[in-house]
Amino acid sequence: MNTIYVDDEKIQLENFRLTANGLKGMESLQLFGSSPEAYEWARKHQVDVAFLDIEMPHISGMKLAESLKALNPDVKIIFVTAYDQYAVKAFKIKAFGYLLKPYTRADIEFEMENALL
């Protein structure tokens with residue numbers, strides 16, 4: 001599956017890349033430090049799974065999720081955040097999953113396995 005991860009913190013991008021390296025079903029992984037950059041890439045490429053930080057400058061992960069869904073209603077959105085108070089709002093926009101930081105490889109693997117079903 002073509003997967004993206006979007007987070008405005010560079011250390012989080014690197015952590016996700018290292019943690020998710022080689023997971024089953026993750027055929028490609030693109031990392032983005034901003035929502036506009038990710039959206040522009042998604043306009044030209046199919047995105048099957050999107051792991052999105054929620055709190056980002058300019059365009060939040062919630063807004064990005066809505067934009068990605070408009071491009072591809074089948075994209076599976078998984079929010080990755082340190083804050084659990086966004087869970088209800090995330091599921092209102094039909095998020096597929098929700099990971100709390102700090103996450104583990106098993107957490108990402110669980111979400112990817114569900115995405116493959």
Handout entry: Donor-acceptor contact below 3.5 Å, side chain N15 vs main chain Q12
Key =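 The answer is no, because no donor-acceptor pair under 3.5 Å joins these two groups.
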
Close side-chain approach of [X] and [Y], heavy atoms under 4.5 Å:
{"X": "L23", "Y": "E111", "value": "no"}
{"X": "D8", "Y": "P57", "value": "yes"}
{"X": "I108", "Y": "T19", "value": "yes"}
{"X": "I4", "Y": "L31", "value": "no"}
{"X": "E66", "Y": "K69", "value": "no"}
{"X": "E27", "Y": "D48", "value": "no"}
{"X": "F16", "Y": "I11", "value": "no"}
{"X": "L68", "Y": "L52", "value": "yes"}

Testing the basics here: between [X] and [Y], what is the closest heavy-atom pair and its distance to 0.1 Å?
{"X": "L13", "Y": "F32", "result": "CD2-O, 3.4 Å"}
{"X": "Y103", "Y": "D107", "result": "CA-OD2, 3.4 Å"}
{"X": "S35", "Y": "S60", "result": "OG-O, 4.0 Å"}

Handout entry: Intermediate values then yes/no, side-chain contact (heavy atoms from CB on, under 4.5 Å), M112 and F51
Key = CA-CA 10 Å; M112 286 303 297; F51 288 86; 3.9 Å; yes

What distance do [X] atom [atom1] and [Y] atom [atom2] have between them, rounded to the nearest 0.5 Å?
{"X": "H45", "Y": "E40", "atom1": "NE2", "atom2": "CD", "answer": "11.5 Å"}
{"X": "S67", "Y": "R43", "atom1": "OG", "atom2": "CZ", "answer": "11.0 Å"}
{"X": "K44", "Y": "L71", "atom1": "NZ", "atom2": "CG", "answer": "12.0 Å"}
{"X": "N21", "Y": "R105", "atom1": "CG", "atom2": "CZ", "answer": "7.0 Å"}
{"X": "L29", "Y": "M1", "atom1": "CG", "atom2": "CE", "answer": "13.5 Å"}
{"X": "S34", "Y": "M56", "atom1": "OG", "atom2": "CE", "answer": "8.0 Å"}

Practice task
Flag yes if I78 and F110 sit in one hydrophobic cluster, no otherwise; membership is Ile, Leu, Val, Met, Phe, Trp, Tyr, and two members link when side-chain heavy atoms are under 4.5 Å apart.
Solution key: no

Practice task
Apply side-chain contact (heavy atoms from CB on, under 4.5 Å) to V80 and Y5, showing your working.
Solution key: CA-CA 9 Å; V80 184; Y5 178 68; 4.0 Å; yes

Exercise for the section: Any chance you could lay out the side-chain contact (heavy atoms from CB on, under 4.5 Å) test for Y39 and L64, step after step, and finish with the verdict? Expected result: CA-CA 7 Å; Y39 178 75; L64 177 57; 4.0 Å; yes

Practice task
For D7 and K101, run salt bridge (charged side-chain N to carboxylate O under 4.0 Å, His left out): C-alpha distance rounded to whole Å, both residues' side-chain angles, the deciding distance at 0.1 Å, then the answer.
Solution key: CA-CA 12 Å; D7 197 308; K101 296 176 186 175; 2.8 Å; yes

Practice task
Evaluate the side-chain contact (heavy atoms from CB on, under 4.5 Å) criterion for residues V6 and E37: first the C-alpha distance (whole Å), next the side-chain angles of each, then the deciding distance (0.1 Å), finally the verdict.
Solution key: CA-CA 9 Å; V6 186; E37 181 184 16; over 6 Å; no

Exercise for the section: Could you tell me which residues satisfy salt bridge (charged side-chain N to carboxylate O under 4.0 Å, His left out) with E113, sequence neighbours excluded, listed by chain and number? Expected result: none

